[in-house]
Number of protein chains: 2
Amino acid sequence: MSVKYSILGLLHYEDMHGYRIKEHIEKNFGYMWSVNYGQIYPNLKKLEQEGLISMREEVQNGKKGPPKKLYSLTDAGREAFQEWLAGSPERSMLLRDPFLMRFVFFGFGDKGRALELIDEQIMAYEGDLAGRLSKKEKWRTKDVFVNQLAELGIEMNKMMLSWLKETRKKVAAGGEEQ
Amino acid sequence: MSVKYSILGLLHYEDMHGYRIKEHIEKNFGYMWSVNYGQIYPNLKKLEQEGLISMREEVQNGKKGPPKKLYSLTDAGREAFQEWLAGSPERSMLLRDPFLMRFVFFGFGDKGRALELIDEQIMAYEGDLAGRLSKKEKWRTKDVFVNQLAELGIEMNKMMLSWLKETRKKVAAGGEEQ
DNA sequence: AAACACATGTAACACGTTACATGATTCA
DNA sequence: TGAATCATGTAACGTGTTACATGTGTTT
C-alpha cells in the first residue's frame, strides 16, 4: 500500500506521468528508495479507478514518444492522502538487510571470509557516505522533512561505519584468543 | 530466499521442528526479525525435497500434541548454507520504514500532527531501547556476531532517538519562523 | 468446561521484482 | 544505421502476511 500513497504524495509537487514519477524518486530519493514500472502503472490505473487521481492525455504535437498520461490529484485523493499521512504507522523491524541476515550466522562460517565481507560492507558504506555528503548541498533548498531525511541517511551511514569497524576489530581479535 | 537459508542457519544450533524454529527466532531475534508458519512449513517441505534437510518423525509416547517432525541438516544442506554464507549480499535500501515513508511527505500535512507522530516514535524507540538494554545481559554468552547484532540494535535505537529529537526541535522552530 | 500451549498445515491475498513487448524521436 | 531516451504497459514469478482448519494434552 505504501506505493499508492507515495504516488499521491509525489503528485503534490506537480502533475506527473508514470515515467516522471520513477525519475523523480530516483533523483530525489535514489539513495533510500526504489520503484519500478511494474508497481507504478498498475497503481496509477487503480488510483484512477478509485477516483483519487484523474488523468488527462497530453497530445504531443511534434514531440517524441507516445502520448503522456498526466495524472493529477482529485479532492478525494488529497483527502485520502491526508488521512493516511495523519495515521499512526505500524512499527517495523530492522534487520531486513541481506548482509545482517548472513552476519548472524557468521559464527558457523569461515572467519577469514567474514572479515572480507565486513570489509566489503565498509567500502560500500564509505562510498555511499561520500555520495550522500556531496549531494547534501544540492538538496539544501527543500523542506525540513526532506532535509532531515537526507541527514538521517548520513547519520545512519556513519553509525553503520563505526559499528562495522568496531565489529571488525572484535572479530579479528577473537580469532587470536582461540 | 532469506527464510530458506535462515532455517539452514538455525539448524546449525540443533535439530528443530517448525514450531521451535519460530519460537527460537522470537526469543533470540524478536526485536529485529519475525516469521510466520505460512513461511516456515512450506519452506521446510521444499528444503526436504531439495535434500538440504532430512526429517525424522518423533513418536510422542504419552506426550502432548501431534508428532513432531524433527529436521536436521544434511551434508548437502551444510554445503549450500556455506556457499550462501560466503557469498556477497546485494546491497539494500534503507527507508522501508512505514514512519519514514510518511515523514518525507509531512511538509504537505499538518505540522501539529507531524510533531505528535514524531513524539509517538520517540516514545516507541525509548521503550525499545529500554527493552534491548535489559535483555543485553541475557544474551552476553552468545558468539561475537550475535552479540554485535544486539549492539547494533542498541546503536541504531540511540541514533534514531537523537535524530528524532533533533528533528522535533527543527520542525517546532520552523513553525515560528513562518 | 474453558482456555491455553503444543504442533502442523493450507488457501487466499497482497506486494514487489524481472523480464519482456511496443513504438516514436533524437543523436552520434 | 544503431543506440539512447522517452513513454506505456503486462505476465510470470517470488515472497510475505493473514486467517483459517485441525487436534492433543495440560492447566485453571
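Proteins come first, then strands; the chains are lettered A, B, ... in the order of their sequence lines, and each starts at number 1. Every value quoted in this text rests on a predicted model; they were computed, and no experiment measured them.
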Quiz item: W33(A) vs F29(A) aromatic rings, parallel, tilted or perpendicular, using cut-offs 30° and 60°?
Solution: tilted

(request) Give the ring-plane orientation class for F105(A) versus Y13(B), where under 30° counts as parallel, over 60° as perpendicular and anything between as tilted. (result) tilted

>> Against the six-membered ring of Y125(A), is R91(B) placed for a cation-pi contact (under 6.0 Å from the centre, within 45° of the normal)?
In response: yes

Taking the six-membered ring of Y37(A), is NZ or CZ of K22(A) closer than 6.0 Å to its centre and within 45° of its axis? yes

For the side chain of [X], counting heavy atoms from C-beta on, which of [options] is nearest?
X	options	result
H17(A)	dT10(C), dT18(C), dA7(D)	dA7(D)
P42(B)	dT8(C), dT10(C), dG16(C)	dT10(C)
R96(A)	dA7(C), dT8(C), dG16(D)	dG16(D)
V3(B)	dG16(D), dG9(C), dT17(C)	dG16(D)

N/O (side chain, [X]) to phosphate O (OP1/OP2, [N]) under 4.0 Å:
X	N	value
K45(B)	dT10(C)	yes
Q39(B)	dT15(D)	no
Y19(A)	dC6(D)	yes
K69(B)	dG9(C)	yes

Nucleotide [N], atom [atom2] - distance to [atom1] of [X] in whole Å:
X	N	atom1	atom2	result
Y41(B)	dA7(C)	OH	P	9 Å
I40(B)	dG16(D)	CD1	C1'	12 Å
N43(B)	dT10(C)	CG	C1'	14 Å
Y37(A)	dT10(D)	OH	C1'	15 Å
I7(B)	dT8(C)	CD1	P	12 Å
M55(B)	dT8(C)	CE	P	10 Å
K27(A)	dT5(D)	NZ	P	12 Å
E57(A)	dT8(D)	CD	P	9 Å

Between L70(A) and K46(B), the residue closer to the 5' end of DNA chain D by nearest nucleotide is L70(A)

Practice task
Answer with base, sugar-phosphate or nothing: what part of the nucleic acid does G18(A) contact at a heavy-atom distance below 4.0 Å?
Solution key: sugar-phosphate

Comparing nearest nucleotides in DNA chain C, the 5'-proximal residue of the pair L44(B), S34(A) is L44(B)

Stepwise ring pair (Phe, Tyr, Trp, His ring centres under 6.0 Å) test for W163(A) and F99(A):
CA-CA 14 Å; W163(A) 177 79; F99(A) 170 73; 7.1 Å; no

